[in-house]
Amino acid sequence: MGAFYNSICIPGDRDQEVRDSLQRWLGGRGFELSDQPVLFDLDGETERCAFLIWNERWTVLVFSKYEEERRLIRELQTWGGPLLYLWVQDSDVWGYDLFGEAGFVASFNSDPRSYVSFPGEDAAPRPAADAREVCRRLGFEGRAAELLRIHRHRAAFKEDSCLEMCRLIDAEPALASYDDLERGAFEDLEGWRVEQLHFVHRDARGGCKAEVGLHDVRLDAEAMSSGIRLERFEIPAEVLTEMERRRRRVRLRLTLLKPVSWLARAWRKAREAPARARRERRVEGASPSLPDAGFSRHESSDIIEVRHLINERHRCRIRLAVGGEAKSGSTKPASVFAFQIGETPITCTARPRARITEVLQQPSRSKILRDEKYLIGGLQARHVVYELPPYYLAGTSGPSYLGLHVVQTEVALYVFLYRFPRKILKEVERAILATVRSFRLLT
């Protein structure tokens, strides 16, 4: 899988105007600007998020909802003046669209047969990008020959060509994906300020807290099916026999395909390595901190002492049990901790309190082996272990086991998840429990 980038670039220091336009446009659709930190993965129905990156030359906007970008551009076009939309699709195609008050002014596409930006807009042909006219409108007269060279560049990874375009117009941060920004990969852009804007639909305000307590949720099938009782039925023996035959055939095919899969994975890593290294080098030399940027990076966990992990975004900490080892995890907002005990990896993620029944949803065809309720410093906690059916996990022929500890706070559910592919390791379970019991909120 290649790289995907989409950014809206407006000449000049227009951050306040963009902020006002976002509030007006999203406010008309029921979204309100939130002053609460982003702790969870965005809900596509009730949340929107945008990153503003600006200096005196450009204001760059990266929006969380690709499907709504064209409508957002129409809102921003009401100002007049040029607006540049830059994009890369799966590292295979890149291009840009230059907009004015009347709509498309110029468009470039490295391979229009493969992908077209805003495919629904086919009422009229888009004016082809003329390098001299594009540079004139953007205020870069004298750089047309270089832009024409970039148009003709045949890079293996199209984000490299797009990056050349960004450098040509002095807007290098325009090649930043929403995911990159959310992980904090571009927090220290020298000479640029970064701000995250989080919008929540007014109907969802206050909906993050569930009235029901963690100890009160039932785990039986009837409770998990929202009141709809599903009658049990028996699967005929001949159907089970045929299912087993199919499983054996699938396992044989997977065994034969494993070497091909390994080679493909190695080839993909080698193919992506140069582009990944170049993207990482783009922010080299940046200042170590940007205190007034309005957005700061939060690692999933910072090792303060040998055995302590602290997450500043979520304002909580744990102490690893003996045998525990901190691991580098995701830096997405919902990722809290990552560690390992023996050979068992454990991740802790944050979920909204309103998702409590979803968090405890019993996997299909599984059995509840354990359901233990306990307290951690006055916080409700719960330990559930599910036995999963054979072949649920790749590479296993018998049952496997899924375990989770859930801790409920005023604002979130913290879910510690682990798996045993063959048998439950009691000593590892005890160490996980000891680690979870050390969970504390920072004051």
Side-chain angles (χ1 to χ4, degrees), residues 1-10 15 18-19 21-23 25-26 29 31 33-34 36-54 58-73 75-76 83-97 115 117-118 157-159 162-163 165-166 171-189 192-201 272 275-276 279-280 282-283 286 290 293-300 313 329-335 349-350:
M1 184 176 179
F4 296 81
Y5 298 97
N6 307 84
S7 62
I8 299 169
C9 307
I10 302 156
D15 65 291
V18 174
R19 196 178 293 108
S21 292
L22 275 170
Q23 286 189 255
W25 178 63
L26 289 172
R29 300 167 55 206
F31 291 89
L33 186 62
S34 171
Q36 298 300 310
V38 180
L39 300 179
F40 315 109
D41 295 331
L42 284 188
D43 185 310
E45 297 297 323
T46 63
E47 293 178 291
R48 297 292 182 270
C49 207
F51 282 94
L52 277 179
I53 314 169
W54 75 95
W58 286 99
T59 300
V60 178
L61 174 62
V62 181
F63 193 58
S64 63
K65 194 81 168 177
Y66 161 76
E67 297 84 355
E68 297 174 352
E69 284 181 327
R70 184 63 183 103
R71 281 178 280 172
L72 175 55
I73 287 172
E75 176 68 27
L76 298 174
L83 181 152
L84 184 67
Y85 179 73
L86 280 160
W87 55 268
V88 176
Q89 176 72 14
D90 202 15
S91 293
D92 292 329
V93 193
W94 83 280
Y96 61 84
D97 297 292
Y115 176 80
S117 61
F118 312 117
F157 302 98
K158 301 309 178 187
E159 59 266 33
C162 191
L163 178 58
M165 168 77 174
C166 295
E172 191 169 333
L175 195 67
S177 71
Y178 177 83
D179 286 343
D180 289 338
L181 291 163
E182 190 178 46
R183 290 194 300 265
F186 290 85
E187 65 167 4
D188 293 330
L189 292 166
W192 295 80
R193 299 186 66 187
V194 184
E195 181 180 7
Q196 184 179 20
L197 301 172
H198 178 216
F199 296 84
V200 180
H201 200 278
E272 293 177 352
R276 184 166 54 250
R279 289 196 295 272
E280 291 172 354
R282 292 204 330 246
V283 294
L290 200 59
F295 170 72
S296 59
R297 181 179 180 179
H298 299 267
E299 297 289 351
S300 62
R313 181 194 291 269
S330 168
T331 51
K332 299 279 279 185
S335 298
T349 56

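Positions are given from 1 along the sequence. Only a predicted model underlies this, so the values are computations on that prediction, with no experimental measurement involved.
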Quiz item: What is the ring orientation for Tyr85 with Phe118, classed by angle as parallel under 30°, tilted 30 to 60°, or perpendicular over 60°?
Solution: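 Tyr85 and Phe118: tilted rings.
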
Heavy-atom distance under 4.5 Å between the side chains of [X] and [Y], does that happen here?
{"X": "Trp192", "Y": "Trp58", "result": "yes"}
{"X": "Leu175", "Y": "Leu86", "result": "no"}
{"X": "Ile53", "Y": "Leu181", "result": "yes"}
{"X": "Leu22", "Y": "Glu75", "result": "no"}

Spatial distance of atom [atom1] ([X]) from atom [atom2] ([Y]) [nearest 0.5 Å]:
{"X": "Thr331", "Y": "Glu182", "atom1": "OG1", "atom2": "CD", "value": "8.5 Å"}
{"X": "Arg19", "Y": "Leu61", "atom1": "CZ", "atom2": "CG", "value": "11.0 Å"}
{"X": "His201", "Y": "Glu47", "atom1": "NE2", "atom2": "CD", "value": "12.0 Å"}

Practice problem: Show your reasoning for whether side-chain contact (heavy atoms from CB on, under 4.5 Å) applies to Val93 and Trp87. | Solution: CA-CA 9 Å; Val93 193; Trp87 55 268; 3.7 Å; yes

Exercise. Apply the test side-chain contact (heavy atoms from CB on, under 4.5 Å) to residues Tyr5 and Trp94: give CA-CA distance (whole Å), side-chain angles for both, the deciding distance (0.1 Å), then the verdict.
Key: CA-CA 9 Å; Tyr5 298 97; Trp94 83 280; over 6 Å; no

Exercise. Please report the C-alpha distance between Gln89 and Phe4 in whole Å, then the side-chain angles of each, then the deciding distance to 0.1 Å, and finally whether the side-chain contact (heavy atoms from CB on, under 4.5 Å) criterion is met.
Key: CA-CA 5 Å; Gln89 176 72 14; Phe4 296 81; 3.4 Å; yes

Practice problem: Specify the closest pair of heavy atoms between Glu45 and Phe31, including all atoms of both residues, with the distance to one decimal. | Solution: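 The answer is O-CZ, 3.9 Å.
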
Quiz item: So which heavy atom on Ile73 is nearest to which on Ile8, and how close?
Solution: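 Closest pair (atom of Ile73, atom of Ile8, distance): CG1-CD1, 3.7 Å.
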
